[in-house]
Amino acid sequence: MVRLKIQQLTKSYQNGVKALDGITLNIANGMFGLLGPNGAGKSSLMRTLATLQLPDAGQVHFDGSDVLQNSQEMRNKLGYLPQDFGVYPKVSAIDLLNHLAVLKGLQNKNERKEQVTSLLQQTNLFEVRKRYVSTFSGGMRQRFGIAQALLGNPQLIIVDEPTAGLDPQERNRFHDLLSEIGANRVVILSTHIVEDVNDLCAEMAVMANGKLILQGKPSDLTQKLDGKIWRRVIDKADLAQYSSVFNVISTKIISGKLHIFILADECPAHVFERVYPRLEEVYFSSLFGAANQNLEVML
Ligand SMILES: Nc1ncnc2c1ncn2[C@@H]1O[C@H](COP(=O)(O)OP(=O)(O)O)[C@@H](O)[C@H]1O
Ligand SMILES: [Mg+2]
């Protein structure tokens with residue numbers, strides 16, 4: 001069942017950049033991954049959904065209610081972890097979370113205390129609750145960011161690039177945490193990291209240049225691309241030549257050797273090896289298609 005309905009959202013900034021260009025998207029319960037390179041417009045979309053900025057045109061409805069018209073009401077119902085949740089006061093985690101809970105309208109002291117304690121436990125911060133948030137590691141900060149986003153048990157949660165800058169261990173821990181909160185609510189996770197979506201999201205979309213260029217279930221999208229991805233190990237010096245002849249969607253150094261991935265309906269030459277696409281190939285194919293619009297990419 002669709003809960004979040006986004007229709008034809010458009011936004012240009014004063015410098016003329018069109019950050020959102022007709023975004024239409026329906027989102028149901030669960031974790032939705034919004035994947036795109038830097039500058040794609042992800043944060044612009046997240047801020048609009050969080051009612052922190054108005055679009056030039058378009059509509060957003062959550063459970064039938066007009067989000068942009070009823071922004072105050074919406075703010076109490078949504079949890080938001082911004083990309084640059086950066087400035088931390090010299091306040092302990094528990095005091096800051098309690099303060100944010102007051103701002104969120106949790107007036108009953110006992111209920112508030114219960115919820116703050118439970119969120120600190122859920123995010124594995126209870127042991128360090130008396131430490132200043134300013135002394136937290138990146139991973140701890142992001143977990144704190146989730147704790148504050150969950151205050152008031154919101155039905156719509158927006159997390160913008162939460163894993164950028166985390167080390168692999170912290171990222172795994174953060175993935176575990178995110179995977180717990182997805183049931184029975186809408187969670188939108190924006191990221192430029194394919195693994196985030198691969199690990200966590202049942203539904204996804206790819207955004208580039210303010211537009212949605214691909215949408216679906218990760219497993220369907222990889223399956224659809226099967227038979228169209230070809231790999232070869234080449235000399236670095238030959239890359240430019242390959243790129244001019246073939247649709248090179250991505251390159252990767254594996255054990256010091258340069259692997260190139262090519263998009264083609266049929267085997268481009270016998271030296272190429274067919275590979276079953278991963279979500280990474282889906283992502284790079286869609287970006288390749290968007291950048292070469294004269295080319296029909298069959299996604
Ligand atoms: N406040 C702003 N003023 C002007 N341009 C902006 C502003 N915020 C974002 N942009 C531009 O809009 C485009 C989309 O940015 P953003 O939404 O931050 O993308 P992403 O989060 O995917 O990296 C970029 O070209 C960016 O430079
Ligand atoms: Mg961003």
Side-chain angles (χ1 to χ4, degrees), residues 4 6-25 27 31-60 67-68 71 78-88 138-139 141-146 148-149 156-166 170-171 174-175 178 186-201 203-216 218 221 249-250 279-280 282-291 293 299:
L4 183 66
I6 302 168
Q7 289 166 289
Q8 288 297 329
L9 274 192
T10 301
K11 171 78 181 177
S12 294
Y13 292 110
Q14 284 189 339
N15 58 6
V17 173
K18 198 166 197 177
L20 301 178
D21 190 358
I23 299 286
T24 294
L25 198 54
I27 301 183
M31 183 89 62
F32 187 94
L34 183 69
L35 193 57
N38 287 332
K42 303 182 297 298
S43 293
S44 298
L45 179 59
M46 306 285 97
R47 285 196 300 269
T48 310
L49 299 178
T51 75
L52 297 175
Q53 73 183 36
L54 281 172
D56 300 334
Q59 292 188 320
V60 183
V67 167
L68 304 173
S71 55
L78 93 110
Y80 174 50
L81 174 56
Q83 182 170 357
D84 43 13
F85 189 59
V87 184
Y88 294 87
R141 286 178 188 210
Q142 290 304 67
R143 280 184 275 132
F144 183 81
I146 287 293
Q148 65 79 28
L156 173 59
I157 296 176
I158 295 165
V159 284
D160 194 358
E161 301 249 8
T163 62
L166 299 190
E170 282 178 328
R171 209 167 81 198
F174 196 76
H175 279 186
L178 282 179
V186 175
V187 183
I188 306 177
L189 165 78
S190 99
T191 182
H192 65 271
I193 300 168
V194 180
E195 284 82 38
D196 286 349
V197 174
N198 208 24
D199 293 357
L200 296 169
C201 302
E203 293 284 336
M204 64 172 284
V206 178
M207 205 174 162
N209 299 318
K211 294 192 171 83
L212 283 183
I213 57 169
L214 183 67
Q215 202 189 321
L221 296 172
I249 56 160
S250 65
L279 200 56
E280 224 173 302
V282 169
Y283 177 50
F284 288 127
S285 299
S286 69
L287 293 181
F288 184 89
Q293 274 165 356
L299 289 167

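Keep in mind that the numbers below use all heavy atoms, side chains included, and drop hydrogens, waters and symmetry copies. Just so it is clear, the structure is predicted and the values come from calculations on it, not from any experiment. Atoms within each ligand, like the ligands themselves, are counted from 1 in listed order.
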CA sep, side-chain torsions, deciding dist, call: Glu195, Glu280, side chain to side chain contact (heavy atoms under 4.5 Å, CB included)
CA-CA 8 Å; Glu195 284 82 38; Glu280 224 173 302; 4.0 Å; yes

protein heavy-atom neighbour closest to atom 17 (O) of ligand 1 works out as Ser44 OG, 2.6 Å

Looking only at protein heavy atoms, what sits closest to atom 18 (O) of ligand 1 is Ser43 CB, 3.7 Å

Shortest non-hydrogen contact from Leu25 to Ala205?
CD1-CB, 4.4 Å

How long is the straight-line distance from CG of Leu52 back to OG of Ser44, given to the nearest 0.5 Å?
11.5 Å

Please identify which atoms of ligand 1 are closer than 4.0 Å to at least one heavy atom of Val17.
11 (C), 12 (O), 13 (C), 25 (O)

How far is atom 19 (O) of ligand 1 from its nearest protein heavy atom, and which residue and atom name does that atom have?
Gly41 N, 3.0 Å

Output, in order, the C-alpha distance, side-chain angles, deciding distance and verdict of side chain to side chain contact (heavy atoms under 4.5 Å, CB included) for Met204 and Tyr283.
CA-CA 11 Å; Met204 64 172 284; Tyr283 177 50; 5.9 Å; no

For Ser190, state whether at least one heavy atom is located under 4.0 Å from any atom of ligand 1.
no

Between Leu20 and Pro55, is any pair of side-chain heavy atoms under 4.5 Å apart?
no

Looking only at protein heavy atoms, what sits closest to atom 4 (C) of ligand 1 is Asn15 ND2, 3.2 Å

So which protein heavy atom does atom 23 (O) of ligand 1 come closest to, and at what separation?
Gly39 N, 2.7 Å

Which residue and heavy atom of the protein sit nearest atom 2 (C) of ligand 1, plus the separation:
Tyr13 CD2, 3.6 Å

Mind checking whether Ala40 has an N or O less than 3.5 Å away from an N or O of ligand 1?
yes

Please list, in number order, the atoms of ligand 1 under 4.0 Å from a heavy atom of Pro37.
22 (O)

Minimum-distance pair of heavy atoms, taken over all atoms of Leu81 and Ala149
N-CB, 4.4 Å

Numbered in order shown, the ligand 1 atoms found under 4.0 Å of a heavy atom of Asn38 are 23 (O)

For ligand 1, is any non-hydrogen atom under 4.0 Å from Lys18's backbone (N, CA, C, O), its side chain (CB onward), both, or neither?
neither

Contact atoms of ligand 1, heavy-atom distance to Arg47 under 4.0 Å:
8 (N)

From the options Lys42, His192, Gln53, Gln83, select the one whose nearest heavy atom is closest to atom 22 (O) of ligand 1.
Lys42

May I ask you to test the Lys11-Leu45 pair for a side-chain heavy-atom distance under 4.5 Å?
no

Apex the Mg ion (ligand 2) - arms OE1 from Gln83 and OG from Ser43 - angle rounded to 10°
80°

Are Glu161 and Ile193 close enough, and set up right, to give a side chain to side chain contact (heavy atoms under 4.5 Å, CB included), and what steps lead you there?
CA-CA 9 Å; Glu161 301 249 8; Ile193 300 168; 5.7 Å; no

Lys42 side chain to Gly36 main-chain N or O, any donor-acceptor pair under 3.5 Å?
yes

Could you check whether Thr10 and Asp56, counting side-chain N and O atoms only, form a donor-acceptor pair closer than 3.5 Å?
no

Does some non-hydrogen atom of the protein lie less than 4.0 angstrom from atom 6 (C) of ligand 1?
yes

Answer yes or no: does atom CG of Asn209 have more than 12 heavy-atom neighbours from other residues, nucleotides or ligands under 6.0 Å?
no

Heavy-atom protein contact below 4.0 Å for atom 27 (O) of ligand 1
no

